[in-house]
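Everything on this sheet refers to the single structure shown next.
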There are 2 protein chains.
Amino acid sequence: MGELPGQPDPARRSRTPLSRQRVLSAAVALADEGGADALSMRKIAQRLGVVPMALYKHVANKDELLDGMIDTVVGEIDPPVEGADWRSTVRLRVLSARRMLLRHPWAPAVIETRMKERPAPTPAVMAYLEGMIGVFRAGGFSLDLVHHAMHVMGSRLMGFSQELFTDSPSSAAASSPPPEEMAARYPNIAELAGAVAHEAGSVVGGGCDDQFEFEFALDLTLDGLERLRNAAATAD
Amino acid sequence: MGELPGQPDPARRSRTPLSRQRVLSAAVALADEGGADALSMRKIAQRLGVVPMALYKHVANKDELLDGMIDTVVGEIDPPVEGADWRSTVRLRVLSARRMLLRHPWAPAVIETRMKERPAPTPAVMAYLEGMIGVFRAGGFSLDLVHHAMHVMGSRLMGFSQELFTDSPSSAAASSPPPEEMAARYPNIAELAGAVAHEAGSVVGGGCDDQFEFEFALDLTLDGLERLRNAAATAD
DNA sequence: ACCTGAACACCGTTCAAGT
DNA sequence: ACCTGAACACCGTTCAAGT
C-alpha cells in the first residue's frame with residue numbers, strides 16, 4: 001500500500017544480490033512476454049530494480065546475454081530417460097525440446113542467428129548433443145550413421161549441429177577447453193568429431209559435407225513420403 | 001574521379017526514381033553483406049542517396065520492409081520443373097530453396113520471426129506453397145497426405161506452412177483477398193485449406209492439429225533412421 | 001499537395017566523475 | 001577500488017515547418 005507500483009523496492013533489491021542467473025532469468029521472462037524485440041538491457045535492469053550498467057558486471061554485452069539465454073532454455077530440455085529403447089528415448093526428448101520451444105517462442109530465431117554468426121556451442125547445448133549421441137550409440141548406430149542422424153534430427157527441430165564440428169582454422173577451438181578436457185566431459189561428441197574429421201581423408205577442411213548431409217536428410221524424408229503414398233494407393 | 005566516395009550522387013539519384021522494388025533490393029543487399037543487425041532504415045536510405053523519410057513512401061514501416069524482403073528472396077526459388085515425376089520435382093525445388101537460404105543467411109531467422117508474430121503469408125510464399133501442393137497432388141497424393149507432407153517439408157526447410165491455415169478468428173482473413181479471388185489464384189491451397197477445415201468436424205478452431213503434425217513428421221524421420229540402422233546391421 | 005529536416009523516445013555501450 | 005550518471009552514437013518514426 002505504501003509502495004508506488006513500478007517503483008523499485010530498495011529492500012528487495014539489496015536482499016537478493018544480482019547474479020548472472022538472476023539476470024538471465026529476468027531476460028528470459030521478458031522475452032517470453034514480449035518477444036525478442038521487447039528485450040533490452042535497460043528493461044532488464046528496470047525489472048531487477050537496478051541501474052543498466054550493473055548488468056555488465058554479470059554479462060559482457062548483449063551477445064553474451066543472448067548466449068546465456070539460449071543456454072538457460074536448452075538446459076530446460078529433459079535429459080534422456082534411462083532404460084528405454086533408443087527410439088522412444090529420442091522421441092521423448094525431441095518432444096520435450098518442442099515443449100521448451102513453445103514456452104519460449106523467441107528461442108528458434110535467436111538460436112538460428114547466434115549459431116550462424118558464432119558457432120560456439122554453450123555448455124547446455126553440448127550436454128544436449130552429448131546425450132543425444134549417446135542414445136543413438138547405445139541403440140546400435142554406427143558412428144557414421146549417428147553423424148547423419150544428428151544432422152537429420154538437428155534440421156528437424158532446430159539449427160543445432162549444423163556447423164558444430166567445423167574444425168576450421170578460425171573460430172571454435174580458440175576459446176574452447178583443451179581437447180583432453182573436452183574428451184573427458186563429452187566423450188560421445190569427441191569420438192564422433194574424431195571419426196568425422198578423419199573420414200574425408202586429406203580433403204582440406206574435410207570431415208563434414210553440409211550439402212551431402214542436407215541431401216541425405218531430404219532423401220530420407222522423400223523416402224518416407226513415397227512409402228506413405230504407395231501404402232495409401234495399395235490400400236484402395 | 002571528381003566524386004567523393006560515400007557522397008550521394010544527385011544525378012544518379014534523380015535518374016532512377018525510388019521504387020518499392022529498389023528499396024527492397026537495397027535492403028536485401030545490405031542484409032546479405034552485414035546480417036540482419038546491420039540493416040537499418042537510415043543505412044538503406046544512405047545507400048540509395050536519399051533521405052530516410054523518403055523510404056516511408058514505399059514501405060509503411062520496418063515490419064513491412066521485412067515482409068517485402070521475405071517476399072523478394074522467396075521469389076528467387078525456382079518454380080517447379082515441368083514434366084518430371086513428383087519426387088525429383090520436389091527434390092530440385094527444395095535444393096533451390098536451400099541455395100536461396102545460403103545466399104541470404106539472414107532469411108531463416110527473419111522468416112521464423114515474422115511468421116510467428118504475423119502469420120500472413122506474402123504473395124511469393126503463397127505461390128511457393130501453391131506450386132508445391134500442386135506437385136504432390138499431381139503425384140497422386142491424397143489431400144490428407146499432402147497436408148502431412150507440407151508440414152513435413154515445411155519443418156524440413158523453413159518455418160513455412162507452420163501456421164498457415166489457422167482460420168482463427170483474429171488475424172489473417174482481415175487483410176487477405178476475398179475467398180473467391182484466393183480460390184481462383186491459388187486453387188491448390190484453397191482446396192487443401194477447405195479439406196483441412198472440414199476434417200476435424202465440430203472441434204473449435206479445428207482443422208490442423210500442430211502437435212499431431214509435428215509427431216507425424218518426427219515419426220516419419222524415426223522410421224527412416226530405424227530402417228537405416230537395420231539395413232546396416234544385416235549388411236554386416 | 002508534397003517533401004523533409006528537426007525532434008522524440010528509444011537503444012547498447014563508453015567513460016569520466018563521483019564515492 | 002568500486003559503482004554509476006551523463007554522454008555518445010546509434011535507432012524507427014512523428015510531425016510541423018518548409019516548398
Side-chain angles (χ1 to χ4, degrees), chain A residues 6-20 22-24 26-70 106 109-110 113-114 117-118, chain B residues 6-20 22-24 26-70 106 109-110 113-114 117-118:
Chain A
Q7 208 80 340
D9 173 358
R12 159 86 68 86
R13 189 207 310 181
S14 54
R15 193 179 309 139
T16 321
L18 212 53
S19 70
R20 183 178 162 85
R22 250 163 59 78
V23 171
L24 294 179
V28 167
L30 211 51
D32 288 349
E33 290 163 24
D37 289 349
L39 189 74
S40 82
M41 300 298 275
R42 289 164 127 108
K43 281 194 200 134
I44 298 166
Q46 181 185 311
R47 169 164 302 212
L48 290 168
V50 137
V51 77
M53 281 306 100
L55 303 179
Y56 286 79
K57 194 110 296 171
H58 301 97
V59 291
N61 49 42
K62 197 177 183 182
D63 280 347
E64 214 229 79
L65 174 89
L66 291 172
D67 287 342
M69 291 170 69
I70 292 173
W106 49 270
V110 172
T113 308
R114 301 296 308 146
E117 64 192 32
R118 188 194 318 173
Chain B
Q7 209 79 340
D9 172 359
R12 159 86 69 87
R13 191 207 306 183
S14 55
R15 192 179 307 139
T16 321
L18 212 54
S19 71
R20 183 179 162 85
R22 251 165 55 79
V23 171
L24 294 180
V28 168
L30 212 50
D32 288 349
E33 290 163 24
D37 289 348
L39 189 76
S40 81
M41 300 299 274
R42 289 165 127 107
K43 281 192 200 136
I44 297 166
Q46 181 185 309
R47 168 164 303 212
L48 291 167
V50 135
V51 77
M53 279 308 98
L55 303 179
Y56 286 79
K57 194 109 294 168
H58 301 97
V59 290
N61 49 43
K62 196 175 183 184
D63 280 346
E64 214 228 80
L65 174 89
L66 291 173
D67 286 342
M69 292 171 68
I70 291 173
W106 50 269
V110 172
T113 307
R114 302 295 308 146
E117 65 192 31
R118 190 195 316 175

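Keep in mind it's a predicted model, so treat the numbers as computed, not measured. So that the names make sense, note that chain A is the first sequence line, chain B the second, and so on, each numbered from 1.
At whole-Å resolution of the value, CG in B:L66 and C1' in D:dC11 are 14 Å apart. In this structure, A:Q46 places its CD atom 16 Å from C1' of C:dG12, rounding to the nearest Å. With rounding to whole Å, A:L18 atom CG is found 14 Å from D:dT4 atom C1'. Distance, A:L39 CG to C:dC11 P: 10 Å, rounded to whole Å. Spacing between atom CG of B:L30 and atom P of D:dC10 amounts to 14 Å, rounded to whole angstrom units.
Remark: A:R42 engages no residue in a side-chain hydrogen bond (donor to acceptor under 3.5 Å, both in side chains) (not counting sequence neighbours). B:A60 meets the side-chain contact (heavy atoms from CB on, under 4.5 Å) test with B:E64; sequence neighbours excluded. The side-chain contact (heavy atoms from CB on, under 4.5 Å) check on A:D32 picks up A:V28, A:H104, A:W106, with sequence neighbours excluded.
Pairs of residues two or more places apart, or lying in two chains, that qualify as side chain to side chain donor-acceptor pair (under 3.5 Å) and include a residue from residues 48-63 of chain A are A:D63-A:R114. For residues 45-56 of chain A, the set of pairs meeting the salt bridge (charged side-chain N to carboxylate O under 4.0 Å, His left out) definition, not counting sequence neighbours, comprises A:E33-A:R47.
Scanning both residues, A:A45 and A:P52, for their nearest heavy atoms gives CB-CA, 3.5 Å.
Taking CD1 from B:I44 and CZ from B:R22, the interatomic distance works out to 12.5 Å, rounded to the nearest 0.5 Å. Atoms CG and CE, from B:L55 and B:M41 in turn, are 5.0 Å apart once rounded to the nearest 0.5 Å.
Here A:K57 does not reach the OP1 or OP2 of D:dC2: none of its side-chain N or O atoms lies under 4.0 Å away.
In DNA chain C, runs of at least 3 consecutive Watson-Crick or G-U pairs, each pair with both distances below 3.5 Å, span C:4-8 with D:12-16, C:12-16 with D:4-8.
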Protein-nucleic acid N or O pairs under 3.5 Å, nucleotides 13-17 of chain D:
| residue | atom | partner | partner atom | Å |
| --- | --- | --- | --- | --- |
| D:dT13 | OP2 | B:Y56 | OH | 2.9 |
| D:dT13 | OP2 | B:K62 | N | 3.0 |

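Rounded to a whole angstrom, the distance from the C1' atom of C:dT13 to that of D:dT13 is 23 Å. Nucleotides D:dT14 and C:dG12 are separated by 23 Å at their C1' atoms, to the nearest Å.
Looking at A:L39, A:V110, A:V59 one by one, the single match for side-chain contact (heavy atoms from CB on, under 4.5 Å) with A:M69 turns out to be A:L39.
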